[in-house]
Number of protein chains: 2
Amino acid sequence: MDAGTSPRERYRAQVRAEIKQHAWEQLATTGVAALSLNAIAKQLGMSGPALYRYFASRDELITDLVRDAYRSLADTVRSAFDAGADVAGLAHAIRKWALDDPQRYLLIYGTPVPGYHAPDDTTTISDKVMVVLIDAFAAQPRNGPVSAPASRRALSFWTRVHGVLSLELAGHFAGMDVDPAQLFADEVDTLL
Amino acid sequence: MDAGTSPRERYRAQVRAEIKQHAWEQLATTGVAALSLNAIAKQLGMSGPALYRYFASRDELITDLVRDAYRSLADTVRSAFDAGADVAGLAHAIRKWALDDPQRYLLIYGTPVPGYHAPDDTTTISDKVMVVLIDAFAAQPRNGPVSAPASRRALSFWTRVHGVLSLELAGHFAGMDVDPAQLFADEVDTLL
DNA sequence: CGCTTGAGTTAGAAGCTATAACCAGACGAG
DNA sequence: CTCGTCTGGTTATAGCTTCTAACTCAAGCG
């Protein structure tokens with residue numbers, strides 16, 4: 001196994017992984033806006049510009065993190081679906097994933113960085129999440145006599161989940177005397 | 001009128017207004033993350049640290065902008081309500097306000113800046129928006145036999161509006177062959 | 001065994017927020 | 001009218017950021 005990997009390549013891959021590891025830790029605490037390559041380099045014991053051997057720019061590192069976040073979410077939803085969860089189960093799996101690392105959720109679904117434009121393949125990966133949701137709604141028994149197509153219902157599902165979830169993560173329910181978990185559950189129930 | 005204002009105070013107020021004017025322009029194009037006090041100072045013809053005579057820090061300027069944004073949104077929704085708009089009308093007024101300056105919407109309802117903590121009075125102002133919504137739902141004729149209180153329905157309204165709106169502003173409907181306006185209208189309709 | 005490749009270094013440019021020290025002009029009090 | 005204070009502006013500077021350039025040194029490949 002790993003026949004074609006030279007020692008150099010393996011070292012490089014490992015350092016890249018360590019960089020991303022520290023990037024995730026820093027991201028979880030400070031958010032993506034304050035993610036500093038210098039700080040990561042210091043934590044790794046190397047100084048400043050050495051990181052540019054592994055990531056051409058700060059944006060490229062962030063792009064990699066975005067890709068991984070999308071993949072992680074898609075995998076989470078997919079495995080929940082494969083485990084037999086219904087649509088409501090998927091919603092709670094998504095919420096659990098988001099609360100597990102709020103900054104990771106905000107990284108992909110939060111305010112986009114104005115200058116930064118995501119590469120095409122990230123949008124391809126982001127579609128994977130929607131694909132699972134559409135599958136789930138196609139398998140879901142329909143309620144009314146005439147019902148919107150699964151893709152349309154999945155989209156509506158997604159906007160509602162994101163609506164309550166993003167407001168919760170942003171702390172907009174703070175002084176409002178409302179239980180976010182209950183509100184989320186209620187909002188999911190109205191979809192059925 | 002303006003009896004107690006000395007010439008100094010009037011000048012100071014005017015410069016503050018000019019600073020905020022340029023801040024809004026810069027915000028609309030580059031977003032809050034890239035808002036630069038230096039750049040604003042240059043545009044005003046003064047150099048760098050002079051701005052600190054008017055705003056103690058970058059955060060204080062942003063706080064002022066946040067306050068104004070909340071006020072503007074609350075006024076918009078209030079006047080729409082006073083003009084006789086129903087709940088759906090309020091939703092479209094909100095969407096119009098958001099599309100009019102997306103960065104202004106994201107400033108208050110987007111990803112919060114990790115270090116920055118909003119002062120108490122900004123949350124007080126943000127409540128004003130909810131108050132109008134609750135008023136609108138209290139005036140709305142109820143549909144079902146038993147219905148949730150107006151505050152609860154207003155909250156649900158708000159999460160749905162924000163859900164579809166924030167995804168639209170973030171560009172997450174880009175390659176999805178979906179009309180955001182239609183999706184928004186549909187989502188609002190399901191509330192009735 | 002030598003040559004090439006690449007990982008790491010320091011130096012430095014350009015930008016940012018923010019503070020310190022200073023200067024000059026306008027304002028209010030006597 | 002004059003004097004002193006207060007304030008809006010300046011430049012210099014510290015410390016942070018991303019990122020480029022030039023260089024060194026060692027590891028790996030042929």
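Given the structure is predicted, the values throughout are model-derived calculations rather than measurements.
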Donor-acceptor pair, side chain of A/Gln182 and main chain of A/Asp179, under 3.5 angstrom: no
Nearest whole angstrom, please: distance from the P of D/dT18 to the CG of A/Leu51. 9 Å
Atom CZ of B/Arg10 and atom C1' of D/dT7: how far apart are they, to the nearest Å? 18 Å
For a quick test of reading the model, state the closest non-hydrogen atom pair linking B/Leu35 to B/Thr30 and the distance between them. N-OG1, 4.4 Å
Measure CG/B/Asp59 against P/C/dA18 and give the value in whole Å, please. 7 Å
Using only atom types and a distance under 3.5 Å, with no angle test, would you say the side chain of B/Ser72 pairs donor to acceptor with the backbone of B/Asp68? no
Which class fits the ring pair B/His162 and A/His162: parallel under 30°, tilted 30 to 60°, perpendicular over 60°? parallel
Mind calculating the distance between CZ (B/Arg16) and P (D/dG8) to the nearest angstrom? 11 Å
Tell me whether the count of non-hydrogen atoms from other residues, nucleotides or ligands lying under 6.0 Å of CG in B/Asp189 goes above 12. yes
For A/Phe55 and D/dC19, give me the distance from atom CZ to atom P, rounded to whole Å. 13 Å
Whether each nucleotide of nucleotides 6-17 of chain C has a protein heavy atom under 4.0 Å at its base (B), only at its sugar-phosphate (S) or at neither (-) is summarised, 5' to 3', as SBBBBB----SB
Check A/Trp24 against A/Ala69 and note the closest heavy-atom contact, atom names and distance. CH2-CB, 4.0 Å
